[in-house]
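Structure record follows, encoded as structure tokens.
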Amino acid sequence: MRLSNLFGKTLRETPSEAENISHQLLLRAGMISQVAAGVYSYLPLGWRALKKVENIIREEMDRIGAQELLMPVLQPLELWQGTGRDLSFGKSLFTLKDRRERRLVLGPTHEEVITQLVRQNVQSHRDLPLLLYQIQTKFRDEPRPRGGLMRVREFTMKDLYSLDADEEGLDKTYKSVIGAYQNIFARSGLSTVMVEADSGAIGGKDSHEFMVIAPSGEDEVIYCSSCKYAANAEKAQDLKGRMNEEEPLPIEEVETPRIKTIDELSGFLNIPKSKTLKAVFYSADEELVFVAIRGDLEVNETKLRNALRCHELRLASEEEVMRAGLFAGSASPLGITGIKRVADDSITTGSNLVAGANKPDTHLKNVNYPRDFDVDLVLDIALAQAGQGCPKCGERLLSTQGIEVGHVFKLGTIFSETLGASYLDRDGKKRPIVMGCYGIGVGRLLAAAIEQNHDEKGIIWPIPIAPYNIYLCALSIESEEVASASERLYEELQEGGFEVLFDDRVESAGVKFNDADLLGIPIRLTMSPRTLKSQAVELKLRWKNQAELVPLEEVSDRLEKNIRGGFTA
RNA sequence: CGGGGUGUAGCGCAGUCUGGAUAGCGCGCAUGGUUUGGGACCAUGAGGUCGGCGGUUCGAAUCCGCCCACCCCGACCA
């Protein structure tokens, strides 16, 4: 490709709307262009890089025996009503009507469609196991698209679905997909961490995410440096620390004028926060829920949502709390009736806690569970925090930000049972197909690769996903000598099968070098009257400072060796 | 959806508070010339519904109202 013909221009200044690095560099390099919030065009260079990633994915998918197919973006709403996911996706689902007023959705994912497809095509255990995938555009009406390609409303996703006869089969498949994913990310030049993930309200057994550690990441990862434990913060557990077991004392009322928060309470009574009991009210699908947790901990709303199996969860308003006859600020688990009560298991470890008295300016001392109150549900709903103990080994947990580039998920039989996808086993018995689903956000992977591979000059593409491998930079191209020699080299390299971006523009050296750096092409070959004096070109790797002269007749061999063998930083 | 911000040429911005003449600057773009190994210089030039609609006014980029778009924080987000 000649740079003089390339569509897409580099920008000297960063467009003001771009906040994170990958967004800035993608815009400045002329690789993407925004159309609307969370909607982008890929320009030729960006599109080439995206296709590189797609092809790596295809190779690794095919290697584990997965078959590529293509399912539609346009899907009937009834299909989604069949699984109830029209409700769980809620407003994130793009919907539309056709001319006959039939309601359709733009697919945010394809479990429903694949399950229906499989139902029509799989009848016997002989058809299993099966791995099917596609690379397709997904639509999600995100509440807040952000960060360039990080979170968009229309995006390319590779989604793979596994169909197995039983759980053992699924476990095996799951492992093999994880291996493929690790290959994909490694080959794309990304370093990722696999973390335990929330499997959502629909249940399912295991779920893991592949995180690219980067400060711009939207997800918090809780991990342990001494064992392998790592989890998305919304899934993570920690040791809540056992409190000293004390002899339960009789309940005592204390005056606590204008004391509302746990901080104020612990300060006023001069006790640690862990000796208090926090009461929080949530509205779960518009139903008031009372939540109790030890005062030093915070509620993990993802865990709570899963426990309650609800779609919408939010903090209840003060008015809603009062309407139920309770006092926010000194609400009490004692004597509470008529609403659902959930408690974190931390309340079972403390004793003689201070809790609300359910009247203004009053708290109760020496509250003990289960002596003094009862709840409907006790389970872990606490937010794990860095600094606390690792649930596996007890060491202190750490926290970092990550970009979720992949997600693997054991679905089990939820979809196959709901939509009736079953097979006959060896004994002629009908069984539901056991499913798994596995996604990679292709555009997000591209952005993450930039977050991880750049410097102050621009992108540093890993060779396997670079839009072009070689930037042929002809300086003083208006001289006949350079013009003809660079044209010859350009042709020769192309004939040799190299992907070359030929900077044939009449521009100063500075402009060309800066563009080469910004675009992040891994190998730069510079030809100028100076290098031609010794019948050579200068070869420089994007991630190194040093350049070297390579004789013209050795260029092809040298590139061949290095690209196949891989340059290393 | 709540909070904050921005909208003026392809990009980055000034001008808006305090209304006034052909709406400016830098980059980029075009043409010509001089340059040529890390974003050159000179000259000439093209390019604007000042986000939209309505209002106030002799006069609106500027004041008022409504709306729209985009960004950030949060809520939300298989």
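Every chain is numbered from 1, with letters handed out A, B, ... down the list of sequences. Since the model is a prediction, treat every value here as computed from it, not as a measurement.
Across all strands shown, rU35(B) forms no Watson-Crick or G-U wobble pair with both distances under 3.5 Å. Remark: rU16(B) base-pairs with no nucleotide; criterion is Watson-Crick or G-U wobble with both hydrogen-bond distances under 3.5 Å. Pairing partner, rC76(B): none, since no Watson-Crick or wobble contact has both distances short of 3.5 Å. Searching all strands for a Watson-Crick or G-U wobble partner of rG28(B) with both distances below 3.5 Å returns nothing. With a cut-off of 3.5 Å on both pairing distances, rC50(B) has no Watson-Crick or G-U wobble partner at all. Pair check for rG7(B) finds rC68(B); Watson-Crick or G-U wobble, both atom distances under 3.5 Å. Taking a pair to require two hydrogen-bonding distances under 3.5 Å in either a Watson-Crick or a G-U wobble arrangement, rU62(B) remains unpaired.
Taking the six-membered ring for Trp and the full ring otherwise, the centers of F290(A) and F281(A) sit less than 6.0 Å from each other.
Phosphate proximity of rC71(B) to Q34(A): present, with a side-chain N or O under 4.0 Å from OP1 or OP2.
For the C1' atom pair drawn from rC29(B) and rC73(B), the interatomic distance equals 38 Å after rounding to whole Å. Between rG7(B) and rG52(B), the distance separating the two P atoms is 13 Å to the nearest Å. To the nearest whole angstrom, the two C1' atoms, one in rU16(B) and one in rA61(B), are 7 Å apart. rC76(B) and rG51(B): their C1' atoms are spaced 28 Å apart (whole Å). For the P atoms, the distance linking rG54(B) with rG15(B) amounts to 28 Å, nearest Å. The separation of rU6(B) from rA78(B), taken at their C1' atoms, amounts to 34 Å, rounded to a whole angstrom. Here, rA46(B) and rA40(B) have their C1' atoms 23 Å apart, quoted to the whole Å. A distance of about 15 Å separates the P atoms of rG20(B) and rC64(B), rounded to the whole Å.
Per the geometry, CD belonging to E17(A) stands 23 Å off P belonging to rG4(B), to the nearest Å. Taking atom OH of Y161(A) as the reference point, atom P of rA78(B) lies 15 Å away to the nearest angstrom. The distance from atom CE of M157(A) to atom C1' of rC77(B) is 13 Å, rounded to the nearest whole Å. The interatomic distance linking L43(A) (CG) with rC11(B) (P) rounds to 13 Å, in whole Å. The distance from atom NE2 of H23(A) to atom C1' of rC70(B) is 11 Å, rounded to the nearest whole Å. Atom-to-atom, CG of N232(A) to C1' of rC77(B) comes out at 12 Å; the value is rounded to the nearest Å. The separation between F89(A) atom CZ and rA78(B) atom P is 6 Å, rounded to whole Å. Regarding E234(A), its CD atom lies at a distance of 10 Å from the P atom of rC77(B), rounded to whole Å.
The minimum heavy-atom distance between V482(A) and I477(A), with the atom names listed, is CG1-CA, 4.0 Å. When all heavy atoms are compared, the tightest approach of A466(A) to W461(A) is CB-CB, 3.5 Å. The minimum heavy-atom distance between R151(A) and R444(A), with the atom names listed, is NH2-NH2, 3.9 Å.
No contact: A18(A) has no heavy atom under 4.0 Å from any strand. At a threshold of 4.0 angstrom between heavy atoms, the contacts of E301(A) are confined to the sugar-phosphate backbone, with no base atom among them. Residue contacts for T109(A): at a heavy-atom cut-off of 4.0 Å it reaches a base atom on one of the strands shown.
For the atom pair OG1 (T302(A)) and CD1 (I381(A)), the distance works out to 12.0 Å, reported to the nearest 0.5 Å.
Just one residue in the list K410(A), K235(A), H407(A), E196(A) forms a side-chain hydrogen bond (donor to acceptor under 3.5 Å, both in side chains) with S207(A), and that residue is H407(A). Considering T192(A), V405(A), I440(A) in turn, I440(A) is the only one that fulfils the side chain to side chain contact (heavy atoms under 4.5 Å, CB included) rule with I184(A).
Under the 3.5 Å distance criterion, with hydrogens and angles disregarded, a donor-acceptor pair is assigned to the side chains of Q75(A) and H110(A). For the residue pair T400(A) and Y223(A), no side-chain donor N or O sits within less than 3.5 Å of a side-chain acceptor on the partner. Side-chain N/O atoms of E481(A) and S479(A) include no donor and acceptor closer than 3.5 Å. Defined by atom type and a distance below 3.5 Å, a donor-acceptor pair is present between the side-chain atoms of E112(A) and T83(A).
RNA chain B lies under 4.0 Å from at least one heavy atom of each of the following residues of residues 140-152 of chain A: R140(A), E142(A), P143(A), R144(A), P145(A), R146(A), G147(A), R151(A).
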Next item on the list: Any chance you could list the contact pattern along nucleotides 26-49 of chain B? Use B for base contacts, S for sugar-phosphate-only contacts and - for none, protein heavy atoms under 4.0 Å, 5' to 3'.
Entry: BSS-------BBBBS---------
